[in-house]
Structure formats: C-alpha cells, structure tokens
Amino acid sequence: MNEIILLKLGELVLKGLNRRSFEDKLIGNARRRLKPFGAFRVYTKQSTLYVEPKEDSCDMDGAWEAMKRLFGVVGLSRARACEKDKDALLETARIYLDDRLRTAKTFKVESKRADKSFPMTSIQLSQYVGGELHEAYPNLTVDVHHPELTVYLEVRDYAAYVHADPEPGAGGLPVGIGGRAVSLLSGGIDSPVASWMIAKRGIALEMVHFFSYPYTSEEAKHKVLDLARLLTPWCGNLIVHVVPFTAIQEELRRKCPEELFTVLMRRFMMRIAEKVAQRIGAGAIVTGECLGQVASQTMEAMRATSAVTTLPILRPVVGMDKEEIVRIARKINTFETSILPYEDCCTVFTPRHPRLRPVLGELEAAEAALDVEGLVQAAVEGIERIRV
C-alpha cells in the first residue's frame, strides 16, 4: 500500500454539534493546499485527517510541507498502510522504518487499537512487534520512558498503519471557520506575526497596506507583498489592498500639529480599513500594535485610534515583548524580509516629539481642519488590489 499522511486534529475535536462544520472547513483547506502536489483523497475518521495519494506521481514531500502549515492540526506523521494483521504490521515496520531502526539505540513500540475486532490488545501487539524488532536489530535497547525512536502501530477501521515519531502541527483552528478580518500589514516585524496569530484562530484575512509614494519606494511595496507571500502557506491565498496614503499625510503635515501626526495617521488608517472591511464582509481589524513599544501604542493612543471605528480591533501581540515576537517571526520565515531596510509610511512621517498621551478632544479639533470624509473616500477609490 502507498505511503499516507496522518494528521491529528486539534481542539476542534472538543466541539459539539458543530464539529462537522470545523472538519469540513479543515478538509477544504487541506484539499486546496494539496492541489499543486497531485491528486489526493482527504477525509476524516476517528479524530484523524487522512491524506492518501491517488497516484504514484503525487509529490509526497511537497504535500508533507504543506500539511505542516495547516491550521487545525496538532501533529502529523508519514505512515505506511498495511493489512490488519500482526505479521503484516511487523513486516511493514521492518521495511518502512529500516533506516531509523538501524541507527537508533533505544526504542519502544506503542500501539493503538481503534478497531476493537482486532484479535490482540494494544499491549499484546506492542509486545509482539517490539520483541521481534528487538531480535532483528541488535543495536536496539528497549526504553519505554525516553526512547530515541518510537514505532507507532495504529489499527483503524480501514487499515493498519505504521509510523515513527509524529511532528508537531500548526495547531489552532481551520482558517475561515471564525469569519473574515482585514489585517494592517506594514513592512515591520510585528504585523506579519499578528496576522499569523489571528489566522491561527480560524480567521480568513485580507491585507491592507498604506503606501506613500514617492516618500516610500517601490521596493518597500514589494517587500510587503513578499511578506504576504510568506504568509500564504499558513493563511491561504491573500489579497493585499494597497492604499495610496500620500495625500492624507501631506494634508496632515500642512494643517495639523506635528506632535499629533502619528495618532492622526492611525485614525485615518482605521477609517480606511473599516471601509475595506465593509467592502469584503469582514468583521474585524487586525493590527500589530504592542503596548508601549512606540508612541502610537500607548493605552491613550490606542483608545484614540479605536474611537473612529465600530469594528473590533484585534491586537494579538499587544502583551508580548519583542523577543517573543521575533521568535515567531523567525519560525514563520518573515523575519529576514521584515528587517530589509525599506521605510514604510509611518517611519517617513514620524514627528520629532510625538504626543504619548493624546487627548481625544484635541485630536478631533485637529481633524476639524481637514476634509476627513473626502480624504478617506479618495484613498479608498485609489486602492490597488493585488492577489499574492
């Protein structure tokens, strides 16, 4: 029988009557991610997602890498299927795991008997296969507590399976099960991490990027698109809404106090993000704000930026320190791109002495000198939608 990928479902197994909708979403996400790698049969049974190649030409290595980034899965293994027979399981283990059995020093066998009609108990099956492997491989010593290699035997409804130690999956919930949101994607470290974290909670995303040409370069724009591409293995295909922001920033510089620039810019960003969310049917705005990290991320500043939208603002990294955020950025492979030296619209117009604790009434008074609705509408009409 062909090699197969077994994926252990995460917290969605705790769901009640709506569990099937979570599983259907996970299956749909898996099928879309697997399309570039060939034809696969994907189905769930007994809290496990099965990914079976339908033809020999399927790219199992590519499929494996794609499934490692599938939210909703807590562990996954490449396994070999065989008949539900003790000797078939033994022979499959010897053939499929031969290289690892030859190089390991300690091992154990762990069996799971989901098909209760199988004539041996789990303990009996482990003892039989473990004893035979111990004799066949003199280099192996049994260690049931901390083995270098664990041979897993699973007897399920359709077949039996042999695999070695599973790898951790992406965790979380299937993307899309929790609705849609727009995520503000800058060229920094925090916003890609925030996007990844909220996608992990089952939210489908579209990105919003504020672009201030000619103050920010085309390279800065391409950097953000590259960050979005790096997120697609986790989040699925993404659309980036590139917002022309130059006119708004120039108007702020002409008519508003410099120390309020940053918070006023953030208020415009929230207004525009809300318009984009309304267009696409999204229910929230996601930001990479981290409490106290910069002047626009004090509690007072966050309150001021939140005041212009009725949508919930999700800030998944708000309580993290920079080292924690960087650790995740490295894990999801966005860090090296994020630190490329191209400035975004916020850094170009940063005031020399930003107001740390802006007063809402003062901000509203400053905005009274602006055609807020007109500026927002012009920016929304100029949005460029880019699919990555």
Side-chain angles (χ1 to χ4, degrees), residues 1-15 18-55 58-82 84 89 92-93 96-97 100 110-115 122 149-178 196-197 199-204 231-237 331-333:
M1 293 185 181
N2 287 329
E3 190 176 37
I4 187 174
I5 301 176
L6 301 177
L7 302 102
K8 303 298 182 182
L9 305 189
E11 62 186 271
L12 63 88
V13 301
L14 304 175
K15 304 300 177 184
N18 62 344
R19 173 174 166 174
R20 188 66 225 177
S21 64
F22 282 78
E23 292 183 348
D24 289 344
K25 179 64 72 173
L26 181 63
I27 290 171
N29 291 347
R31 285 173 176 161
R32 281 190 291 275
R33 305 285 179 85
L34 290 165
K35 276 185 179 179
F37 309 108
F40 290 85
R41 181 178 176 226
V42 183
Y43 58 95
T44 58
K45 190 75 174 177
Q46 295 172 324
S47 302
T48 300
L49 183 73
Y50 294 77
V51 174
E52 292 183 358
K54 292 182 178 179
E55 42 197 48
C58 288
D59 179 2
M60 288 296 289
D61 291 337
W64 172 255
E65 291 301 317
M67 294 299 95
K68 284 166 67 175
R69 294 168 174 80
L70 182 67
F71 288 130
V73 173
V74 294
L76 64 166
S77 306
R78 292 176 75 152
R80 180 63 56 83
C82 66
K84 292 190 283 186
L89 281 158
T92 301
Y96 186 56
L97 301 178
R100 300 186 66 173
E110 192 169 302
S111 301
K112 182 176 182 179
R113 186 178 60 114
D115 179 1
S122 298
L149 171 66
T150 300
V151 177
Y152 290 89
L153 311 176
E154 300 191 28
V155 183
R156 295 183 168 271
D157 284 356
Y158 300 121
Y161 302 93
V162 175
H163 62 91
D165 300 294
E167 291 195 18
L173 296 172
V175 170
I177 197 65
W196 178 85
M197 290 178 70
K200 186 175 181 177
R201 298 312 305 158
I203 305 298
L231 289 170
T232 57
W234 306 91
C235 305
N237 291 332
K331 171 184 174 180
I332 64 177
N333 199 33

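Summarising the geometry, atom CE belonging to Met197 is positioned 13.0 Å from atom CD1 belonging to Ile203; distances are rounded to the nearest 0.5 Å. Rounding to the nearest 0.5 Å gives a distance of 4.0 Å between CZ of Arg156 and OH of Tyr50. Separation of atoms CD1 (Ile5) and NZ (Lys68) is listed at 10.5 Å; rounding is to 0.5 Å. Remark: His163 NE2 to Leu153 CG distance equals 8.5 Å, nearest 0.5 Å. For the atom pair CG (Leu9) and NZ (Lys45), the distance works out to 13.0 Å, reported to the nearest 0.5 Å.
Here the shortest heavy-atom pairing between Val74 and Gly10 reads CG1-CA, 3.3 Å. Contact record, Ala199 with Phe71: O-CD1, 3.7 Å, taken as the closest heavy-atom pair. The shortest non-hydrogen separation linking Thr92 to Arg80 is CG2-CG, 3.5 Å. Scanning all heavy atoms of the two residues, the minimum distance from Phe40 to Ala63 falls at CZ-CB, 3.7 Å. Scanning both residues, Trp64 and Ser77, for their nearest heavy atoms gives CZ3-C, 3.5 Å.
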Identify all side-chain donor-acceptor contacts of residues 167-177 below 3.5 Å with residues at least two apart in sequence or on another chain.
none

* Asked: Between Lys8 and Glu154, does a salt bridge (Lys or Arg N to Asp or Glu O under 4.0 Å) hold up when you go through it step by step?
  -> CA-CA 13 Å; Lys8 303 298 182 182; Glu154 300 191 28; 3.2 Å; yes

* Step-by-step side-chain contact (heavy atoms from CB on, under 4.5 Å) determination, Arg41 to Leu34 -> CA-CA 10 Å; Arg41 181 178 176 226; Leu34 290 165; over 6 Å; no

* Asked: Run the side-chain contact (heavy atoms from CB on, under 4.5 Å) check on Leu70 and Leu49 step by step: do they pass?
  -> CA-CA 11 Å; Leu70 182 67; Leu49 183 73; 4.2 Å; yes

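At least one donor-acceptor pair under 3.5 Å links the side chain of Arg33 to the backbone N or O of Pro233. Between the side chain of Lys84 and the main chain of Asp157, a donor-acceptor pair closer than 3.5 Å is present. Using modelled atom types, one side-chain atom of Arg69 and one backbone atom of Glu65 make a donor-acceptor pair closer than 3.5 Å.
Contact annotation: the side chain of Tyr152 approaches that of Pro166 to within less than 4.5 Å [non-hydrogen atoms, C-beta and beyond]. Contact of the Tyr161 side chain with the Lys112 side chain is not registered, since no non-hydrogen atoms from C-beta on lie closer than 4.5 Å. Two residues are said to be in side-chain contact when any heavy atoms from C-beta on lie closer than 4.5 Å; Trp234 and Lys200 fail this criterion. Contact of the Leu12 side chain with the Lys25 side chain is not registered, since no non-hydrogen atoms from C-beta on lie closer than 4.5 Å. With contacts defined as side-chain heavy-atom distances shorter than 4.5 Å, the pair Glu11/Phe22 does not qualify. In this structure, Thr44 and Arg20 have side chains that are in contact, with non-hydrogen atoms separated by less than 4.5 Å. Side-chain contact check for Cys58 versus Glu3: every heavy-atom pair is 4.5 Å or farther apart. Within the 4.5 Å cutoff, the side chain of Leu89 has heavy atoms near those of the Cys82 side chain.
In summary, of the residues considered (Thr48, Val51, Leu26), a side chain to side chain contact (heavy atoms under 4.5 Å, CB included) with Leu7 occurs for Val51 alone. When the options Glu52, Arg31, Met67 are evaluated for a side chain to side chain contact (heavy atoms under 4.5 Å, CB included) with Val42, the one that passes is Arg31.
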